[in-house]
Amino acid sequence: MKRLIVITLILVAATAYITVKYFKNLNTSGMHAGNVMRTIPDNAAIVFEFTNEKSFYDIYTGNTLLSNFIGEEKINDLDTVRNVLFGNAALNPLFNGRNVFVSVQPSQNNQLDLLLTVSAGKDIDLTEFDKLAKQQKTGMLITPLKIGDKHGYNIFFNSLKKRFYIINIDANIFAGSFSKELITQNANYKADREKQAFMLLPEQQNSNSLANLYINYQHLDPLFAQLFKNSNTDIFKPFRLLPALAALNLNFKNDAVMFSGYTNIQTHKAGTYLNVFANQQPVTNQLKELYPSTTAYALNLSASDPVKFSADLSDFQNKAGLQAEKDALFAKIKTETGINLKQEFAQLLGSEFAVITTRYQEKIAIITVKNGSKLQPFMTNISRMITDDVGQFNYAKLPYFLLGDAFNAFRKPYFRIIDNYLILANSTKELDSYNDTYFNRKFLNKTEQYVKFDNLLAERSNVAFFIHFKNAQPILRYGLKDEFYFAYKNNSLSWKNFYAASYQFAATDKNFYTNFCLLQNMPDTTVNKNID
């Protein structure tokens, strides 16, 4: 009996210890996230948060998933900081188990520079770095650094032949970067406590998450300007304009990078095209089944109430100063054809419409309609018919005013109605190409890897961007700046090792539930290495 009592007491004590330890970690791991993130310059576009502990790294041991996500050069840099600096016996107790924030900042040197921000486990005396500088064979050369009123250190990593700059930002918060420009910007940054640059997660959700991704959508444009020769590229463009903040959690999968969470619209800022879809309900996505096998990227849009969508879009366009031009166009159509096109089209519009760019840079629009045979007379009356089935609009910018910004590429397009789909293209050749795709079932969903990828996606959404990396490579070759395309194409670890990516918005309470998915390529021994 005594033995049983002793064992019971030991178990109770152990349970109490584990419980206290758990809740202590729960409270401390996420509680300072807001304080740390406020020290990050508010022009950052993306912040990736993870915990600097062995269990996190063990999950991805032998797995190149996150390395492909971050890139070969950057992952080597981060690994060196982790192993050589934070992993040093003198500093490890201070930084182990702490949340690290890796932010992507715009710079003047045509590079994507990373800023690391982390709070030490306790107040740290900078002399710890001085002591470390005196040690032999650390793989580092450490010298003092002062920027403005901030003190820190210049650390030369022998293995990288690079300098890393680390400064004490505030109390026990440290920031580091391989960019002197970026660390100087951070040292001089004064946070505006009234301004929210990033959306924060609740403490418990932060503590229980493996890693988090924070996004300021309107800060993505400068990032794309650094990546692309033409900063106005339509890749992911509607998202880059949206006045919104996102906080997403990493969902572990061994062959895919998957994040989910919320995108909250900043209502105090002027709305954009995607704001219109926040007033809808999520729709089951079916139009993606008609993507041609040559699809490089696509934007799929869904409206549960097409008539309300048309009204909301019209209101948005009026607020954007387009009312006079739009009203004049539809009045002209009414005068010349007798058709109230705006009203008739809204009544026949289906719940999904998409714009697809193929690897040959063809632009194809697919618009679901409730009854293709009823729509045909209206389209015929506003067009110059080339054949019984194919015509060209007589009026410019109609797709733009009827369906919004995503259709701006179709000024006076050619059209064809196939079943209950209105197909638009900028040439008869492109229209014929899709006609062949449709009737010969040359769709992307006929491949095994697409089916696997599609199974990872949410069934319903209102806005969904899709990119197929192999098909997009010819476009990226001429679109990306040379140094970024070279890294993408030639580095062993890069996004070229992913099959596809998807970014989905599903409307909820006038905001968006958000899913981001990147699926890694399956081994393919038949790929021609010379294809670009």
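For clarity, every value in this text was computed on a predicted model and none was experimentally measured. We're numbering straight along the sequence, starting at 1.
- Enclosure of atom CZ in Arg82 by more than 12 non-hydrogen atoms of other residues, nucleotides or ligands within 6.0 angstrom is indicated.
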### Task
Walk me through it: do Val257 and Leu65 pass the test side chain to side chain contact (heavy atoms under 4.5 Å, CB included)?
CA-CA 7 Å; Val257 175; Leu65 198 61; 3.7 Å; yes

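- The backbone N or O of Ser67 lies less than 3.5 Å from no partner atom in the side chain of Thr64, so there is not a single donor-acceptor pair.
- Side-chain atoms of Asn186 come within 3.5 Å of backbone atoms of Thr39 as a donor-acceptor pair (strictly under, hydrogens ignored).
- Nearest heavy atoms, Lys229 versus Arg477: NZ-O, 4.5 Å.
- With values rounded to the nearest 0.5 angstrom, Lys481 atom NZ is found 10.5 Å from Phe228 atom CZ.
- No donor-acceptor pair under 3.5 Å is formed between the side chain of Gln280 and the backbone N or O of Phe277.
- Between Tyr488 and Phe469, the two ring planes are tilted [angle within 30° to 60°].
- Rounded to the nearest 0.5 angstrom, Asn154 CG and Ile166 CD1 are separated by 11.5 Å.
- Annotation for Phe156: atom CZ counts as buried by contact number, over 12 foreign heavy atoms lying within 6.0 Å.
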### Asn96 vs Lys54, side-chain hydrogen bond (donor to acceptor under 3.5 Å, both in side chains): CA-CA, chis, key distance, verdict
CA-CA 9 Å; Asn96 186 51; Lys54 186 175 182 296; over 6 Å; no

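- From Phe486, atom CZ reaches atom CG of Asn491 across 7.5 Å, with rounding to the nearest 0.5 Å.
- Ring orientation note: the planes of Phe259 and Phe69 are tilted relative to one another, at an angle of 30° to 60°.
- Inter-residue side-chain proximity for Ile475 and Thr357 is flagged as met; some heavy-atom pair is nearer than 4.5 Å.
- With Tyr153 as the fixed residue, the ring-ring contact (aromatic ring centres under 6.0 Å, His included) test singles out one of Phe174, Phe164, Tyr165, Phe129: Phe129.
- Between Arg359 and Lys470, the shortest heavy-atom distance links the atoms NH1-O, 3.6 Å.
- Atom-to-atom distance recorded for Gln473:CD and Tyr485:OH is 4.0 Å, nearest 0.5 angstrom.
- Here the CE atom belonging to Met199 is positioned 12.5 Å from the CG atom belonging to Asn216, to the nearest 0.5 angstrom.
- A perpendicular orientation is assigned to the rings of Tyr60 and Phe252, their planes being inclined by more than 60° (bins at 30° and 60°).
- Residues Ile467 and Phe236 fail the side-chain proximity criterion, which asks for heavy atoms closer than 4.5 Å.
- No side-chain donor-acceptor contact under 3.5 Å links Asn68 to the backbone of Asn497.
- Ile75 has its side chain out of reach of Leu66: every pair of non-hydrogen atoms, C-beta onward, lies at least 4.5 Å apart.
- For the pair Leu476/Trp495, no side-chain contact is recorded, criterion being any heavy-atom separation below 4.5 Å from C-beta on.
- Of the options Asp405, Asp221, Asp234, a salt bridge (charged side-chain N to carboxylate O under 4.0 Å, His left out) to Arg240 is made by Asp221 and by none of the others.
- A side-chain N or O of Asn275 and one of Thr272 form a donor-acceptor pair less than 3.5 Å apart.
- The side-chain heavy atoms of Ile173 and Thr117, taken from C-beta on, include a pair separated by under 4.5 Å.
- The ring of Phe309 has its center closer than 6.0 angstrom to the ring center of Phe353.
- Partner His468 forms a ring-ring contact (aromatic ring centres under 6.0 Å, His included) with one of Phe498, Tyr499, Phe453, Tyr297 and no other, that one being Tyr499.
- Judged by distance alone, with hydrogens and angles left aside, the side-chain atoms of Glu362 form no donor-acceptor pair with the main-chain N or O of Thr358 at under 3.5 Å.
- Closest approach of Asp77 and Phe178 over heavy atoms only: CB-CE1, 3.5 Å.
- With contacts defined as side-chain heavy-atom distances shorter than 4.5 Å, the pair Asn300/Tyr291 qualifies.
- No more than 12 heavy atoms of other residues, nucleotides or ligands shown are found within 6.0 angstrom of CG on Asp509.
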### Message
Applying side chain to side chain contact (heavy atoms under 4.5 Å, CB included) to Thr508 and Tyr262, what does each step give before you reach the verdict?
### Response
CA-CA 9 Å; Thr508 175; Tyr262 288 91; 4.1 Å; yes

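- A donor and an acceptor atom, one from each side chain of Lys496 and Asn521, are nowhere located under 3.5 Å apart.
- Counted by atom type alone, Glu53 and Ser55 present one or more donor-acceptor pairs between their side chains at under 3.5 Å.
- With rounding to the nearest 0.5 Å, the separation of CG in Leu519 from NZ in Lys452 is 5.5 Å.
- With hydrogens and angles ignored, the 3.5 Å screen pairs a side-chain donor or acceptor of Asn471 with a backbone N or O of Ser293.
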### Task
Please report the C-alpha distance between Asn43 and Gln185 in whole Å, then the side-chain angles of each, then the deciding distance to 0.1 Å, and finally whether the side-chain hydrogen bond (donor to acceptor under 3.5 Å, both in side chains) criterion is met.
CA-CA 11 Å; Asn43 60 350; Gln185 175 190 343; 3.3 Å; yes

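- Between Phe224 and Lys237, every side-chain heavy-atom pair lies at or beyond the 4.5 Å cut-off.
- Atom NZ of Lys319 has 12 or fewer neighbouring heavy atoms from other residues, nucleotides or ligands inside a 6.0 Å radius.
- Between the side chains of Asn212 and Glu49, at least one donor-acceptor pair of N or O atoms lies under 3.5 Å.
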### Task
Evaluate the side chain to side chain contact (heavy atoms under 4.5 Å, CB included) criterion for residues Leu220 and Ile46: first the C-alpha distance (whole Å), next the side-chain angles of each, then the deciding distance (0.1 Å), finally the verdict.
CA-CA 8 Å; Leu220 290 172; Ile46 299 169; 4.1 Å; yes

### Task
Evaluate the criterion side chain to side chain contact (heavy atoms under 4.5 Å, CB included) for residue pair Thr263 and Ile215; output intermediate values, then yes/no.
CA-CA 9 Å; Thr263 290; Ile215 303 168; over 6 Å; no

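- Proximity of a side-chain donor or acceptor of Ser494 to a complementary backbone N or O of Gly71 within less than 3.5 Å is not detected.
- A donor-acceptor contact shorter than 3.5 Å is absent between the side chain of Asn92 and the backbone of Gly87.
- A heavy-atom distance below 4.5 Å is found between the side chains of Glu352 and Asn285.
- Between Tyr450 and Phe466, the ring-plane angle classifies as perpendicular under the 30° and 60° cut-offs.
- No close placement of the Phe407 and Tyr400 rings is indicated, their centers lying 6.0 Å or farther apart.
- Taking the six-membered ring where the residue is Trp, Tyr57 and Phe50 present perpendicular rings, their angle passing 60° and hence far from 30°.
- The local environment of CD in Glu459 is sparse, with at most 12 non-hydrogen atoms from other residues, nucleotides or ligands closer than 6.0 Å.
- Scanning all heavy atoms of the two residues, the minimum distance from Lys74 to Leu112 falls at NZ-O, 2.9 Å.
- At least one donor-acceptor pair closer than 3.5 Å links the side chain of Asn52 to the backbone N or O of Phe95.
- Between the side chains of Thr447 and Gln449, no donor-acceptor pair of N or O atoms lies under 3.5 Å.
- Looking only at distances, no side-chain donor or acceptor of Lys412 sits under 3.5 Å from a matching main-chain atom of Ala396.
- By the 30° and 60° cut-offs, the orientation of the rings of Tyr503 relative to Tyr217 is perpendicular.
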